[in-house]
Amino acid sequence: MANEIQLQCVTQTSVRTLTKAQKRWRLAYLSIYFSNTMLSIIKVPKKLTQFPIATNQSELTNLVKNKDLEVLGKLNGVSGVAESLQTDLENGINGKDVERRKKVFGSNSYDNPPHKGFFYFVWERGFNFTIAVLLACATLSVVFGVKEKGKKEGWYDGVTIFVAIFSIVTVSAVIKFRKEQQFDRLSKKLRHDIKIDVVRDGKREKISIFEVVVGEVVFINIGDQIPADGLIVNGNALLVDESGVTGESEFVNIDAIKNPFLMAGSKVVVGHGQMLVISVGMNTDWGKTMRTGSITSDSDKQTPLQYRVRKIASSIGKAGIAIDSLLVAVLVIRYFVVNKKCENRGHENNGRGKGTIASGILFDPFIRKFVEAVTTVVVAIPEGLPVAVTLAIAYSMKKMMADGITVKTLSACEKIGSTRVICTGKTGILTEGEMKVTKFWIGLDLIEDDPCKVVDANVLEVYHQGLGLTPANCSPTENAIFSWAVSKLGFDIDKPKQDSVILHVETFDSEKKWSGVSIRKTNDNTLHVHRKGAAELVLEMCSNYYKKTGIINPMTDDEKERFRKIIKGMAASSLRCIAFVHKLKHDDNGKTLDEEGFTLLGIIGMKNPCRKAVKEAIKTCRMAGVDVKMITGDNIFTAKALATEIGILEAGPHVSNNGEVIEGEEFRNYTEQERIQNVDRIRVMARSSPFDKLLMVQCMRKKGHVVAVTGHHTSDAPALKEANIGLSMGVQATEVAKEASDIVISDDGFCSIVLGLNFGRCLYSNVQKFIQFQLPANVAALIVNFINIASAGGVPITAIQLLWVNLIMVTFGALALALEKPTKQLMRKPPVGKTSPLITNVMWRNLSAQCLFQTAVLFTFQFKGRSIFDVNERVNGIMVFNTFVLCQVFNPFNSRKMEKRNVFRGLHKNLPFLGIIAGAVVIQVVMLELVSRAEHMEKLNKVQWGICVATAAFSWLIGWVVKWRGSIWRIDGGWWMMMMSGHAQPTTSPTLADQV
């Protein structure tokens, strides 16, 4: 008691000693603490009242992350978690609860990394070496201009350079920003295209992956992406790939007892089932990975073409630095020589101060000329080349997307144009994908009448049982079988499920080519096994066969041979053959499906008509030097018949004897050396597995080919990743296949692949055209300005004028040539190799001629213009500049066609090109008018304008003559020389690869 009284007194004393400020701080702290405590108390009951689960969201997340069976057991297993989440595992959630579940548990969306804004690209473009030098020179130009000409006029040149720099940086930033926006839209489109099946209110429906909520019952099938963290409710032979989440490459077996945990972002490799969602969005490991930005777009990565173009610009930049160094040396020598002469004159005049004054007078012009020289040379470096490539790639991506070709990686946009080999599947790509049953055999009888009238009812009942319970997917083959069964056999899909219990399921596999199921009938407790699959393979499991009367006959060797001939005959007519077999078992083991003792129910033949334009598309590929190989799971006779029909094979008996048609097993059993030796000759691979496709891709890449491969199954993912260009089929493809691919073809058609080839070649060609357009201007300006500065100390084309030319070239030139559309001529040339030079011999010839022409024009106008045209120095300078700009306006016409003399063919169809060129001319005229008024200079009269235009237009004649007399040019490694004799024999014409 005494202690309590003492403690109370001490407390009261300590309280009394607190100042007012301290009391206020304590009161504020207690208020905040009390508020937070009350809020935490309020929040928990809200969640627990709505969903009385015995754990919180973080523990649910850790449950899947740690795969903790002990915690799951405490929650009474999957059924206990479902009950806490108010989920009926049979009927799913109540559709009206979706918004409430989102508020409580969050939505299935991810916090994407922040997008790059416009000013990011301004900063990136504005702060490099070239721009830094230009900014420094512009600053010095303003300083010395004001000092020399006064504040009223001295700032003009420097500020103009600042404005030009700002314009170039802005244009470049806008182009890159638009490309980034385009890539973001593409990424969103790909993400939102994912649809999944769920159960709500007892009904199965498709929803977006982002609409999934906690408590959802989701159907998962082979190839699907797991949309959220969850627990398996039921499943058959379920294997998932968790490498995208955990980094482990081995597939994980999902089992309701040992491992029921499913992680968001993983992929279903084998099997199917249902899952209960327990964590979504940012509450999953996949969401946290997305938030950290480890999964980002590759829009910042340099493509091979961008790298090569930057290398060219860098080489010219190094040449510019070397020229700058020479100019500095020349100017320094001239300064000291002239300064020495002035000093000598000063001594002769006995005026010691005059030499010093002369030195000061000479120093300022020296600095000004030095700045002007450096600026001029730096501006002549082709910084617009990388911008032109970016613009061309962005334009190609946009046009390809408009035609249903979604490019996921920038490099694929250009690599597809270099494709040498296309490995394509058959169903849905070369064919329509809408199959139809046209032949039906029971035993050795072809059923042409109504099966329900001529086939025994017991046989039809066994058929119904196998059709209704054997695993199926949404492939064209399965759809055709079900459609035929409903219309011809009176099939009811629900009845077999009501009369039987499934014991074991084996899903279809590309290796074994069949699927199967074992069931127990509820009325008599008998055990039945059903299989369906590739007819010639399933036939080998049979020892008996049904007749249409319902009698079961033993299958003799002769009768089995007759069945083989029936299958071969249907295959030769391009029919896909599917056999149905059945066996009644007398033991209780339903977990294993043996492979003998079956009874053949029947064989169906399905016709899959070819796509209308596929034959012409394959012919186009051959003309373009692209080899098309068909890799299919069909038997060798079906594959050969179809390949002959569409033009992959030539008709004739020689085909099967020269190695053009092969089975996957035979190719697989070759040694590596034999595969590499024979792979070029193979055109059709039948009865192939995904591993065979992967082997073929690897062999062709070892031989140096650029390979494109199509795929839509999950098992195609390795081949899609291994190929240079992976093409997934948008309609049929699983999410695994789409993720592994570089390009998604929306309509699944082979013609779209050929269109993509043409776009890729057009992109490469347009970049070459821009290089051929820009380099003559840069090189001519460097040569002329260097010689003038070294000899006379002045420049015919100032830094401001060169910046203006660069602006015109970067914007108008790049736009005009990047918007060139694909032409049929591009598909009449072989593909450009990976190591082929970007600047070909033909380009060296053309740009050398234009460079010589522009250099000659500039020298002539600079040194003889005043006397030839009878004008003063200022007007002559304007004419030099105007003619140089107009040369860049006319030169794009020459660049449109590298080999064709008629550069105007098809021009009327390219209205954007004409509009851009007209815009450049108008802006040049307006700019000269404004400058003339601002500087109170003489304007060019009509005659002078006519001289400028005619001189620039003469470049068309130069281009025509060079292409006409192209044989007199011999170019080796970029150096050109003129043959001495005009009567010399023409050299070998450039190869087709050089003309791309």
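Because only heavy atoms are used, hydrogens play no part in the values below, and waters and symmetry mates are left out as well, while side chains stay in. All figures in this text were calculated on a predicted structure; none of them were measured in a lab.
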Kindly determine whether Cys621 and Leu757 satisfy side-chain contact (heavy atoms from CB on, under 4.5 Å), including the steps that lead there.
CA-CA 9 Å; Cys621 284; Leu757 286 176; 4.2 Å; yes
I need the minimum non-hydrogen distance between Thr620 and Val754, along with the two atoms involved.
CG2-CG1, 4.1 Å
Can you establish whether the number of heavy atoms outside Lys619 located under 6.0 Å from its atom NZ is more than 12?
no
Polar side-chain atom of Arg683 near backbone of Ile648 as donor-acceptor pair, under 3.5 Å:
yes
I'd like to know whether Glu205 forms a side-chain contact (heavy atoms from CB on, under 4.5 Å) with Ile207, so could you lay out the CA-CA distance, the side-chain angles of the two residues, the decisive distance to 0.1 Å, and finally the verdict.
CA-CA 7 Å; Glu205 58 182 89; Ile207 64 170; 3.8 Å; yes
Do the non-hydrogen side-chain atoms of Gln465 and His530 ever get within less than 4.5 Å of each other?
yes
Do the non-hydrogen side-chain atoms of Cys762 and Leu826 ever get within less than 4.5 Å of each other?
yes
Strictly below 4.0 Å, N to O, side chains only: are Lys693 and Glu722 in salt-bridge contact?
no
Do the non-hydrogen side-chain atoms of Val832 and Tyr764 ever get within less than 4.5 Å of each other?
yes
Rounded to the nearest 0.5 angstrom, the CD-OG distance for Glu645 and Ser573 is 10.5 Å
Note: Gly625 and Arg420 closest approach over all heavy atoms is O-NH1, 3.2 Å
Starting at CG of Asp627, measure out to CE of Met700 and round the result to the nearest 0.5 Å.
8.0 Å
Would you mind reporting whether Met570 and Ile566 have side-chain heavy atoms less than 4.5 Å apart?
yes
To the nearest 0.5 Å, what is the distance between CG on Leu755 and CD1 on Ile405?
4.5 Å
Assign the ring pair Trp484 / Tyr463 to parallel, tilted or perpendicular, where the plane angle (0 to 90°) is split at 30° and 60°.
perpendicular
Donor-acceptor pair, distance only, cut-off 3.5 Å: does the side chain of Lys408 make one with the backbone of Lys738?
yes
Nearest atoms (heavy-atom pairs only) where Met401 meets Thr406:
CG-CA, 4.4 Å
Going by an N to O cut-off under 4.0 Å, is there a salt bridge joining Lys426 and Asp634?
yes
Determine whether a donor-acceptor pair (N or O, by modelled atom type, separation under 3.5 Å) exists between the side chain of Lys415 and the backbone of Asn724.
yes
Salt bridge (Lys or Arg N to Asp or Glu O under 4.0 Å) between Arg668 and Glu665: does it pass, once the steps are laid out?
CA-CA 5 Å; Arg668 198 184 316 137; Glu665 185 178 2; 5.5 Å; no
Go through the steps to decide whether Arg576 and Thr427 satisfy the test side-chain contact (heavy atoms from CB on, under 4.5 Å), and finish with yes or no.
CA-CA 10 Å; Arg576 172 174 286 184; Thr427 305; 3.0 Å; yes
I'd like to know whether NZ of Lys560 has more than 12 heavy-atom contacts from other residues, nucleotides or ligands below 6.0 angstrom.
yes
Pair Tyr545-Phe563, ring pair (Phe, Tyr, Trp, His ring centres under 6.0 Å): steps then yes or no:
CA-CA 10 Å; Tyr545 68 94; Phe563 281 116; 5.4 Å; yes
Acceptor/donor pairs from residues 438-448 side chains to any protein atom, 3.5 angstrom cut, sequence neighbours excluded:
residue : atom : partner : partner atom : Å
Thr438  : OG1  : Gly605  : O            : 3.4

Are side-chain heavy atoms of Asp224 and Ile196 found at a separation under 4.5 Å?
no
Are any side-chain N or O atoms of Asn678 and backbone N or O atoms of Glu674, one a donor and one an acceptor, separated by less than 3.5 Å?
yes
Please report the shortest heavy-atom distance between Ser396 and Cys413, naming the atom on each side.
CB-SG, 3.8 Å
Is the Lys NZ or Arg CZ of Arg611 less than 6.0 Å from the centre of Phe750's six-membered ring, within 45° of the axis?
no
Closer than 3.5 angstrom, by distance alone: can the side chain of Asp742 be matched with the main-chain N or O of Gly726 as a donor-acceptor pair?
yes
So, do Glu650 and Thr644 sit near enough that their side-chain heavy atoms are less than 4.5 Å apart?
no
Contact summary for Ala686 and Ile636, nearest pair of heavy atoms:
CB-CA, 3.5 Å
Can any side-chain N or O of His464 pair as donor or acceptor with the backbone N or O of Leu489 at less than 3.5 Å?
yes
Roughly how far, to the nearest 0.5 Å, is CD1 of Ile429 from CG of Leu727?
9.0 Å
Salt bridge flag under 4.0 Å for residues Asp450 and Lys488
no
For Glu666 and Arg675, what are the C-alpha separation, side-chain angles and deciding distance, and is it a salt bridge (Lys or Arg N to Asp or Glu O under 4.0 Å)?
CA-CA 10 Å; Glu666 183 182 350; Arg675 281 197 292 267; over 6 Å; no
Any Lys/Arg nitrogen of Lys206 or Asp197 sitting under 4.0 Å from an Asp/Glu carboxylate oxygen of the other?
yes
If you count every heavy atom of other residues, nucleotides or ligands that lies below 6.0 Å from Gln825 atom CD, does the total exceed 12?
yes
Using modelled atom types and a 3.5 Å cut-off, is there a donor and acceptor pairing between side-chain atoms of Thr638 and backbone atoms of Leu575?
yes
Backbone N/O of Ser689 and side chain of Asp692: donor-acceptor pair under 3.5 Å
yes
Of all heavy-atom pairs linking Val628 and Thr424, the shortest is CG1-CG2, 4.0 Å
Please lay out, stage by stage, how Ile604 and Ile481 fare under the test side-chain contact (heavy atoms from CB on, under 4.5 Å).
CA-CA 9 Å; Ile604 60 173; Ile481 292 174; 3.8 Å; yes
Using modelled atom types only, decide if a donor and an acceptor are shared between the side chain of Thr632 and the backbone of Ala639 within a distance under 3.5 Å.
no
Does a side-chain N-to-carboxylate-O contact under 4.0 Å join Lys568 and Glu536?
no
Below 4.5 Å, heavy atoms only, C-beta onward: do Val529 and Val517 meet side chain to side chain?
no
Side-chain (Arg761) to main-chain (Gly756) donor-acceptor, under 3.5 angstrom
no
Close side-chain approach of Lys629 to Val421, heavy-atom, < 4.5 Å:
yes
Rounded to the nearest 0.5 Å, what separation is found between the CD1 atom of Ile567 and the CG atom of Asn635?
8.0 Å
Tell me whether the guanidinium CZ or amine NZ of Lys532 lies under 6.0 angstrom from the six-membered ring centre of Phe580 and within 45° of its axis.
no
Just verifying a value: how many Å separate Cys610 SG and Glu432 CD, rounded to the nearest 0.5 Å?
8.5 Å
Does a salt bridge link Glu559 with Arg562, judged by any charged N lying under 4.0 Å from a carboxylate O?
no
